[in-house]
Amino acid sequence: AQTVTQSQPEMSVQEAETVTLSCTYDTSENNYYLFWYKQPPSRQMILVIRQEAYKQQNATENRFSVNFQKAAKSFSLKISDSQLGDTAMYFCAFMKRPQGAQKLVFGQGTRLTINP
Amino acid sequence: EAGVVQSPRYKIIEKKQPVAFWCNPISGHNTLYWYLQNLGQGPELLIRYENEEAVDDSQLPKDRFSAERLKGVDSTLKIQPAELGDSAVYLCASSLRTTYEQYFGPGTRLTVT
């Protein structure tokens, strides 16, 4: 079974600062996806960024980037130039990568607050 | 394009009462998921459907929970009878069977008193 651990229950930074959220995971699989999801107070989960385990290059989406360390089973999210709208719960998630859709295994989440 | 629709958004019931949640996935999405999200936790899968077939229901407490997806489109999740510990958010998501990206609905927040 796979497990995902987020060791930072809460983080708070000032607007425009850079913040890094940590995530570690445990799996015996070699082929998988890792994700960061954002959940604002509206509760709707929004996909922020995706990383495929076979790709060495770290994924980047505008202000969001990841640091994927496969050997260490670490997957951190960096948010640059943070904005008030980034305030939300952030969940790290794992998905096996056979053919077709699979379930997501989520971490416990990190509550991120961006202060004006 | 409409997203995943769930209703109701909020539900308050007394313990031992039945309750049902409804989910309408994105048009054309053949995979549908129900996740349970306890307060302060990440979601956990309850059941996954491929069309009308439940292909992963190992985490569904079958003594009180049931689900159906008639005609492979809309889905209903039922709890009977509800217990205090069932208070949580119930999230529905959908995806194409061949892709990784899941699209989530806004969830139903259930409070059992």
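Only heavy atoms go into these numbers, but all of them, side chains included; no hydrogens, no water, no symmetry mates. In what follows, chains are A, B, ... by sequence order, proteins preceding strands, each numbered from 1.
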Most contacts with chain B, counted as non-hydrogen pairs under 4.5 angstrom, among A:Val4, A:Leu104, A:Val105, A:Leu47: A:Leu104
Common cluster, B:Val4/B:Trp34, ILVMFWY with side-chain heavy-atom separation under 4.5 Å: no
Hydrophobic cluster identity match, A:Phe35 and A:Phe68, side-chain contacts under 4.5 Å: no
Segment of A:Gln6 engaging chain B (4.5 angstrom heavy-atom cut-off): neither
Contact origin within A:Ile46 toward chain B - heavy atom pairs under 4.5 Å: neither
Lys NZ or Arg CZ of A:Arg43 over B:Tyr35 ring: under 6.0 Å, within 45°: no
Heavy-atom closest contact (B:Gln102 atom, A:Gln102 atom, distance): NE2-O, 2.8 Å
Co-membership, hydrophobic cluster, residues B:Tyr103 and A:Ile49, 4.5 Å side-chain: no
Chain A contact via B:Gln37 - side chain, backbone, both or neither, heavy atoms under 4.5 Å: side chain
Residue part contacting chain A, namely of B:Thr108, when any heavy atom lies under 4.5 Å: backbone
Most chain B-contacting option - heavy-atom pairs closer than 4.5 Å, from A:Arg111, A:Gln108, A:Met89, A:Gln44: A:Gln44
Minimum side-chain heavy-atom gap B:Tyr100-A:Arg97 below 4.5 Å: no
